Amino acid sequence: MKKAKWVSVLAVVCMLMALLPATVWADAAGTGGSTVESVVDAATWYGDQTTACDTLDSFWNDQVTEAPSTYVADDSARTVSLGDAAALVWWARLVNQGTSFAGYTVNLTADADLSAHYWTPICTGTVSYTTAGDCNIADSQTLEGVTFNGNGHTITGLTTQTGVRGAQQDSRPGDGQNSYSDAAFIGYNCCDLTLENLTFAGARIAISQPWEEITQIYGSSMLAVVVGRQNGGSLTLQNVAVRGASVLAMQKAAALVSDLAGNATLKVSQCEISDSRISAYFLAAPIVGYAKSDQVEVSGIRLARNTIHISEQDSSACALDPVTGAQYYGGALNASATALFYDGATDNGQGHELDLVAEAAGYAYPALTDAVQAVVNAQDKTGTVTLLKDAAGSGVGLFQADGARDVNLTIDFGGHTYTCTAPAGSSGGAENPGFRLEAGNTVTLQNGTVAVSQEAADITTLIANSSNLTLQDLNLQGAGSTRCLLSGDSGEMVMSRVNADGTADDLAAVALVHRPDPLSEGTVPTLAIHNTGDHVIRGTLGVYGPEADVPITESASALTIDGGAYSEDPSDYLGAGLIAVPADGLFRVQTYEPDVLLSGLPPVDPDREEVQAGMTSDGETLLAAQTEQLLVDMLGSQTPAGVDEETAARVEDAIRQLQPITVEVRFSKEGISPEDKTAAQKILEDGDTLTRFFDLSLVLKSGDTELGKLTRLASPLRISVFLPESLVQADRTFFLVRVHEGVAEKLPAAFDAASAALTFDTDRFSTYALGYTDPPAPQPAEEAPPSGSGGSSSDPTDSSADGSSGSSSGTASDNAASGGSSGNSSTSSASASSGSTAATATSRAAAPAQPAFAPASPAGSSGIPQTSDPGHPMLWWVLFCLSGAGLAASAVCRFRQKYTR
């Protein structure tokens with residue numbers, strides 16, 4: 001029993017569910033969640049819906065029988081002002097009586113609430129019936145050229161019970177000719193008419209009387225909120241909104257216009273249909289219920305949360321579009337969430353829907369170009385266009401001649417593909433681009449694919465740019481005729497995470513051209529490519545001058561690349577520290593990680609007879625690190641200090657060929673130029689002697705090939721010069737002179753006598769000179785003149801007199817062996833003046849670790865303590881005795897004077 005009870009309950013539930021609308025869960029692009037719902041046909045459905053609409057018991061025409069004070073007509077200005085609902089009713093009554101307002105502007109100056117009574121639809125014609133019951137409408141031009149401006153106001157509660165036409169007799173229901181027809185704000189119009197800046201809220205449009213004929217015999221047709229039937233003429237709806245409406249008809253139901261007859265056209269711009277329900281057995285859609293596609297032009301429509309109820313009379317005859325949810329009945333389109341066109345065909349049957357592919361500022365457009373133009377036309381010329389689905393169409397252009405100046409446009413392709421089937425309008429020229437973006441604008445293309453149709457043989461360039469352009473998260477796909485994917489003649493361009501490819505044999509991925517074109521405004525184009533290893537650009541990369549194949553100056557600065565993979569070698573355009581490594585048929589950009597090989601100085605010989613140089617392991621490590629950084633810098637657009645352009649170019653070429661780089665430290669006494677020797681001699685002080693010249697160099701090599709020299713480092717290295725024993729003498733002071741780029745200077749240095757090493761820091765590598773300063777030779781004591789002589793026997797002009805020459809020089813053997821020179825010395829104080837840069841042989845200052853060896857003490861060292869006074873000791877004894885005798889004589893004189901008193 002329990003089982004049977006549950007089965008019964010389940011059967012009842014299924015029967016109840018069968019009576020509910022069957023929703024097709026499909027959200028067509030641009031419809032804002034609007035859906036088509038197939039309603040299971042029941043014998044009472046249409047009658048019940050019609051009864052629900054029949055709620056009022058009076059008409060506005062019976063309430064307003066004379067002109068209210070809120071109705072103001074100015075015939076001289078050809079304007080009419082409607083200040084409330086009564087004024088609106090009175091104006092509609094005049095139109096229906098045949099009063100012409102041709103060429104007038106009708107202004108609604110206040111909101112109008114029509115919910116209290118039924119509205120009588122406006123008709124621009126005279127309705128008549130034959131004796132046989134046939135209905136005819138004689139067109140009139142009562143609204144020809146009229147603009148109805150709502151001025152932002154709202155008509156609320158528009159409700160109909162009747163239409164303009166009655167049914168023709170002896171006919172069958174629903175055949176389109178024999179229904180009660182044409183119910184709307186304007187039920188029937190044959191004129192050129194514009195409605196703008198107007199909102200309809202809560203409209204209830206139906207023909208509910210005579211109920212039995214409507215529901216059982218003839219039905220209703222051509223019902224909408226704004227215009228029921230447009231028979232010829234042009235209807236323009238600008239900024240018109242329908243919100244929360246309900247429309248019920250046997251056939252041809254819509255929110256804006258139900259039927260376009262004859263040569264009628266409909267232009268919809270920036271209009272809205274939201275939260276509305278359109279119900280019918282046949283032919284229902286929000287924008288237009290029945291028309292050919294070439295009769296309708298949509299430039300912005302906002303659809304949101306609308307429901308199209310369509311009766312499913314025979315499920316076997318119904319087919320549903322799996323993407324949009326549109327219903328096809330009997331092989332023809334029957335219901336759509338956008339607009340219903342009876343021409344054309346799809347895989348589902350005869351007819352097709354209005355396809356909305358792009359969106360801008362909340363409005364959907366049937367073409368990407370329309371959405372772009374909406375941004376151009378906006379007051380601030382700024383906006384984002386979003387592609388709603390894969391789409392194809394003509395190219396996109398921003399042309400200054402069409403007002404595209406100071407536009408800030410973003411096109412978000414939403415992960416979809418846009419295929420250009422024709423060049424951008426008004427572009428012309430040799431490029432025939434899919435996208436033509438002129439100077440003075442800022443554009444971003446992102447998140448999707450831009451392609452050229454294989455059938456579009458006249459598109460030779462995918463994107464021709466003069467604007468400030470950003471491409472990111474994008475795929476560029478050329479066809480067989482596409483010779484270039486991105487060309488630029490001005491503007492700053494950035495590509496981030498972009499793939500580029502095409503099927504042309506001679507494909508150019510990027511071509512930057514500096515041409516004196518007024519549209520490019522004479523600026524040099526720049527492009528920075530910020531790709532990752534997952535992004536591949538196929539085709540050539542080039543920067544050219546006004547003439548083809550002529551590179552412009554500093555082309556590497558015009559095009560810079562810091563990542564990605566390329567079919568052509570991008571090395572000429574890589575940023576600092578980057579190299580292109582061949583792999584898998586591509587050049588993959590990666591960070592250069594240098595591993596410098598070091599060829600240091602040879603070990604110091606303890607028994608050396610000549611000057612040698614050495615460097616500690618810490619110094620070698622520092623040199624290797626600095627060289628690695630210099631190699632990275634050499635891969636940039638600027639040549640680092642310390643390297644000439646030729647060397648940098650050779651090093652860069654070796655690096656890009658993945659060859660190892662060696663830095664060799666060289667110490668040589670050969671090849672010193674006379675100019676360097678002269679420069680060093682010019683800064684000598686009195687008593688200075690140069691004894692050795694040598695060259696200290698850093699040489700960059702690739703294998704056995706010398707690439708050039710490093711002449712300067714960012715941080716100094718510590719170098720030690722080891723002297724032979726023959727040079728070291730007591731009280732001898734050593735110094736170093738560096739000659740770099742013709743400039744000579746003494747370097748601070750510390751001498752360690754234990755290792756006979758002179759240590760200094762330097763960041764420049766060129767010519768050096770080793771010098772020394774000896775103390776002046778001791779002067780002999782002057783002999784007293786013979787007793788009784790009247791004067792000196794020496795001639796004061798005698799150059800042989802002791803101390804008269806004061807010259808100090810190295811030994812002849814030293815000078816001859818080394819090519820050294822001595823400075824002129826006139827006083828013994830000159831050698832002391834260089835103490836800040838000199839080191840004496842007897843000093844024991846700390847020095848960096850050096851190769852271990854202990855040189856012998858200098859031969860011939862004197863046992864006499866060395867002081868700063870080189871005079872003879874006997875002279876000091878003579879002076880002491882004379883001083884003592886003088887003191888004694890003075891004391892005796894004082895004693896005698898005291899005693900005498």
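It should be emphasised that the depicted structure is a prediction, and the values quoted were computed from it without experimental measurement.
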Can you tell if the side chain of [X] reaches within under 4.5 Å of the side chain of [Y], non-hydrogen atoms only?
X      : Y      : answer
Val106 : Thr147 : no
Leu260 : Tyr290 : no
Leu256 : Ile273 : yes
Leu266 : Gln295 : no
Glu353 : Thr324 : yes

### Task
Measure the CD1-OG distance between Ile308 and Ser38 for me, rounded to the nearest 0.5 Å.
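Those atoms lie 11.0 Å apart.
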
### Message
I want to check a possible cation-pi pair here: Arg229 against Tyr188, using under 6.0 Å from ring centre and within 45° of the ring axis as the test.
### Response
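Checked: cation-pi criterion not met.
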
### Task
Please determine which of Val240, Ile205, Leu114 meets the side chain to side chain contact (heavy atoms under 4.5 Å, CB included) test together with Phe200.
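It is Val240, the one option of Val240, Ile205, Leu114 that forms the side chain to side chain contact (heavy atoms under 4.5 Å, CB included) with Phe200.
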
### Message
So if I apply the side chain to side chain contact (heavy atoms under 4.5 Å, CB included) rule between Arg204 and each of Thr159, Thr160, Leu158, which one comes out positive?
### Response
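With Arg204 as partner, side chain to side chain contact (heavy atoms under 4.5 Å, CB included) holds for just one option, Thr159.
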
### Residues in side-chain hydrogen bond (donor to acceptor under 3.5 Å, both in side chains) contact with Thr154, at least two apart in sequence or another chain
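Not a single residue meets the side-chain hydrogen bond (donor to acceptor under 3.5 Å, both in side chains) criterion with Thr154.
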
### Check ion pair Arg243-Asp275 (N to O, under 4.0 angstrom)
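No.
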
#### Entry: Lys292/Asp343 ion pair, N-O < 4.0 Å
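Salt bridge flag = no for Asp343 with Lys292.
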
#### Entry: Qualifying side chain to side chain donor-acceptor pair (under 3.5 Å) pairs, either residue in residues 96-106, two or more places apart
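The answer is Asp75-Tyr104.
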
### Message
Would Gln270 and Asn239 count as a side-chain hydrogen bond (donor to acceptor under 3.5 Å, both in side chains) here? Give the steps.
### Response
CA-CA 5 Å; Gln270 308 289 296; Asn239 192 25; over 6 Å; no

### Message
Testing the basics here: between Gly30 and Leu303, what is the closest heavy-atom pair and its distance to 0.1 Å?
### Response
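Scanning both residues, the minimum pair turns out to be O-CB, 3.9 Å.
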
#### Entry: Nearest non-hydrogen partners of Cys191 and Ser140, listed with the distance
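That closest heavy-atom pairing would be SG-O, 3.4 Å.
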
### Arg93 atom CZ, neighbour heavy-atom count above 12 within 6.0 Å
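Atom CZ in Arg93 is packed in, count exceeds 12.
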
### Message
Can you confirm whether Lys267 is buried at NZ, in the sense that more than 12 heavy atoms of other residues, nucleotides or ligands lie under 6.0 Å from that atom?
### Response
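Atom NZ in Lys267 is not packed in, count stays at 12 or less.
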
### Message
Which label fits Tyr218 and Tyr180: parallel for a plane angle under 30°, tilted from 30 to 60°, or perpendicular past 60°?
### Response
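Perpendicular, since the angle between the ring planes exceeds 60°.
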
### Message
Using 30° and 60° as the class boundaries, would you call the ring planes of Phe148 and Phe185 parallel, tilted or perpendicular?
### Response
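Perpendicular, since the angle between the ring planes exceeds 60°.
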
### Message
What I want to check is whether the side chains of Asn107 and Thr109 have a donor and an acceptor closer together than 3.5 Å.
### Response
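No donor-acceptor contact under 3.5 Å links the two side chains.
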
### Message
If only side-chain N and O atoms count, and only distance matters, is there a donor-acceptor pair under 3.5 Å linking Ser58 with Asp62?
### Response
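No, Ser58 and Asp62 have no side-chain donor paired with an acceptor closer than 3.5 Å.
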
### Query
For the rings on Phe341 and His352, is their centre-to-centre separation under 6.0 Å?
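Yes, the ring centres sit under 6.0 Å apart.
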
